[in-house]
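To keep things clear, I will list the structure first and then write my remarks on it.
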Amino acid sequence: MDILNEEFANSKDYVPQRRDWLSAFWAGFKGPEQLSRIRNTGVNPEILKNVGQSITTLPPTFTPHKAIKRIYDQRKQMIETGEGVDWATAEALAFATLLVEGNHVRLSGQDVERGTFSHRHSVVHDQKTGQKYCPLDHMLMNQGEEMFTVSNSSLSEFGVLGFELGYSMENPNSLVCWEAQFGDFANGAQVIFDQFLSSGESKWLRQTGLVVLLPHGYDGQGPEHSSARLERFLQMSDDNPFVIPEMDSTLRKQIQESNWQVVNVTTPANYFHVLRRQIHRDFRKPLVVMSPKNLLRHHLCKSNLSEFDDVQGHPGFDKQGTRFKRLIKDQNDHSSREEGIRRLILCSGKVYYELDEERKRVKGEDVAICRVEQLCPFPYDLFQRELNRYPNAEIVWCQEEPMNMGGYTYVSPRMGTAMSKLGRGKFEDVKYVGRPPSAATATGFGSLHVQEQKELIQKALQSAPINTPL
């Protein structure tokens, strides 16, 4: 992957200096207790800072494009200040920390080296010599080029995803990821999803930890570039919507009994943790990620570096620890019981930021907004926690997608089951806000998209009760 020339390799102030920290860390290793900390999805702050420096540093003789240099400088500032970590940097930190723990990381797909939306830049090109350089190839002293692989693939979703599935099954201790150029393009690999990924463990008792990244979100780009068909993956999930599973503290049983995991993550830190969670388990499950597009550069979609580490007592740490959060509670300072909240909105994905912006505009202090980050398996325990927190709230599910798509048909019966257990109603009491049923995933007219989006956001925050179903 990396074509590192002799001049780079012999630079005294470059690679060896950056690697010294890892040798020092392992020299001070104090046994199993420290190793257990390393194996959490939260990472030692010293490791985070040092791998962060490594992934944001280019060789002194390398001449990057000026735009690339600006991006890398911005990322370096994120690491130094510990603030404003964006999506691409969080992903690179997840890959880098897994690499220094000795895990192979592999990413393939159409235009993954740069990233479809020019956000990743995992491989950069010297503007004078044309040579390639990949910072993630230099996390370890004498790191073999096979430790990290990022490869642009051909336009054959069926063939490439099938290969990556087989690769992940033969290499269960590797983080193997496939990214579609747009989530819509995954339909070219539908046979792989239907016949193998969703049902392979049930049919052949073969586990896989394959990660599928599907860019998803309604930005006005039309019916072919808006939806990763979230509803298809949820419809193929095998959990019973009318039975709340055993919710032990590790959540191990619920996930083991599901055929896969489907997430729609809204923060860089949560993305970091869900990737690391794939490897820091002693079993494997496929992970389908509705990855973002406009959130890649959204000014509010940032995380502090403290949300990535394993230190207790900081803002990123809660009762679950610094780890993947299946449901993110309302970000206002609410107590464990808020009787004055009139509406509880649950949503998933980028629509949260639009809802929060509208709530601030209309001064809707009596509305709470929670993000369901992990749709499947459904976080019954956390949803019930929020039901208890807001005993008088009207329950609303809000989504961008049409009613017959997105998460509504999956989450609503599960929300109803959780509500009925607490005497808060049932399936019919879940109010719906979103687009009406449609054959096409989205409109092809930009102006109509803006109008539809504005209407559903305003309806979710309206002062009058929401009529069911539309």
Side-chain angles (χ1 to χ4, degrees), residues 1-5 7-8 11 13-15 17-19 21 47-97 99 105 107 109-139 148 150-152 179 181-182 213 215 217 219 221 265-269 271-272 275 291-308 350 353:
M1 172 53 57
D2 170 46
I3 310 176
L4 187 65
N5 64 23
E7 184 177 13
F8 292 170
S11 176
D13 60 348
Y14 175 52
V15 177
Q17 183 184 54
R18 288 166 51 206
R19 291 170 177 157
W21 66 269
I47 294 181
L48 279 175
K49 283 284 187 181
N50 284 287
V51 299
Q53 181 184 6
S54 297
I55 62 176
T56 59
T57 301
L58 297 174
T61 56
F62 189 89
T63 306
H65 189 280
K66 61 182 181 180
I68 300 299
K69 184 178 186 306
R70 183 174 65 253
I71 290 171
Y72 270 70
D73 287 344
Q74 290 170 347
R75 293 178 182 177
K76 183 180 291 291
Q77 185 178 17
M78 296 172 195
I79 300 299
E80 290 174 351
T81 63
E83 298 177 348
V85 178
D86 65 11
W87 202 272
T89 307
E91 180 185 77
L93 284 170
F95 291 166
T97 52
L99 286 168
V105 177
L107 171 64
Q110 298 151 8
D111 203 14
V112 293
E113 294 180 8
R114 176 184 66 107
T116 297
F117 309 101
S118 297
H119 68 286
R120 183 173 289 123
H121 301 293
S122 58
V123 177
V124 293
H125 300 256
D126 191 298
Q127 297 300 290
K128 293 181 178 179
T129 66
Q131 287 183 311
K132 297 179 181 180
Y133 181 74
C134 177
L136 285 164
D137 277 339
H138 302 285
M139 294 295 106
F148 178 72
V150 57
S151 179
N152 292 337
E179 181 177 72
Q181 197 163 33
F182 282 87
L213 305 175
D219 306 318
Q221 294 181 291
V265 183
T266 60
T267 73
Y271 180 48
F272 168 90
L275 290 177
S291 55
K293 294 179 288 182
N294 72 357
L295 292 190
L296 297 171
R297 295 178 179 84
H298 196 287
H299 69 286
L300 295 177
C301 186
K302 309 287 184 183
S303 297
N304 291 331
L305 201 59
S306 63
E307 297 175 64
F308 298 74
K350 80 169 185 68
Y353 291 96

#### Entry: Non-neighbouring partners of Glu80 that pass side-chain contact (heavy atoms from CB on, under 4.5 Å), sequence neighbours left out
Lys76

Separation of [Y] [atom2] from [X] [atom1] (nearest 0.5 Å):
| X | Y | atom1 | atom2 | result |
| --- | --- | --- | --- | --- |
| His299 | Tyr353 | NE2 | OH | 10.0 Å |
| Gln110 | Thr116 | CD | OG1 | 7.5 Å |
| Leu296 | Glu91 | CG | CD | 9.5 Å |
| His119 | Leu295 | NE2 | CG | 11.5 Å |
| Ser122 | Leu107 | OG | CG | 6.5 Å |
| Asp126 | Thr61 | CG | OG1 | 7.5 Å |

### Message
Please determine whether a side-chain nitrogen of the Lys or Arg among Arg120 and Glu113 lies less than 4.0 Å from a carboxylate oxygen of the Asp or Glu.
### Response
no

### Query
Should the pair Arg114-Asp111 be classified as a salt bridge under the 4.0 Å nitrogen-to-oxygen rule?
yes

Compare all side-chain heavy atoms of [X] with those of [Y] and state whether any distance is below 4.5 angstrom.
| X | Y | result |
| --- | --- | --- |
| Val124 | Pro64 | no |
| Arg297 | Ser118 | yes |
| Lys66 | Ile71 | no |
| Thr129 | Thr63 | no |
| Pro215 | Pro292 | no |
| Leu136 | Val150 | no |
| Met139 | Ile55 | yes |
| Val51 | Leu99 | no |

Can you name the closest pair of heavy atoms from [X] and [Y] and give their distance?
| X | Y | answer |
| --- | --- | --- |
| Cys301 | Thr266 | SG-O, 3.4 Å |
| Pro268 | Ala90 | O-CB, 3.3 Å |
| Leu93 | Val85 | CD1-CG1, 4.5 Å |

If only atom types and distance count, is the side chain of [X] paired as donor or acceptor with the main-chain N or O of [Y] below 3.5 Å?
| X | Y | result |
| --- | --- | --- |
| Glu307 | Asn304 | yes |
| Thr56 | Tyr72 | no |
| Thr97 | Ala94 | yes |
| Asp86 | Lys302 | no |

### Message
Does Gln77 have more than 12 heavy atoms from other residues, nucleotides or ligands lying within 6.0 Å of its CD?
### Response
no

### Task
Using the test salt bridge (charged side-chain N to carboxylate O under 4.0 Å, His left out), find all partners of Lys350 that sit at least two apart in sequence or belong to another chain.
Asp219, Glu354, Glu400

### Query
Going through the checks in order, is the side-chain contact (heavy atoms from CB on, under 4.5 Å) test met by Lys49 and Leu305?
CA-CA 9 Å; Lys49 283 284 187 181; Leu305 201 59; 4.0 Å; yes

### Task
Report the residues that fulfil ring-ring contact (aromatic ring centres under 6.0 Å, His included) with Phe182, sequence neighbours left out, ordered by chain and then residue number.
Phe117, Phe185, His225

### Test log, rule side-chain contact (heavy atoms from CB on, under 4.5 Å), inputs Asn152 and Val123
CA-CA 11 Å; Asn152 292 337; Val123 177; over 6 Å; no

### Message
Can you tell me how the ring of Phe308 sits relative to the ring of Phe272, calling it parallel under 30°, perpendicular over 60° and tilted otherwise?
### Response
perpendicular

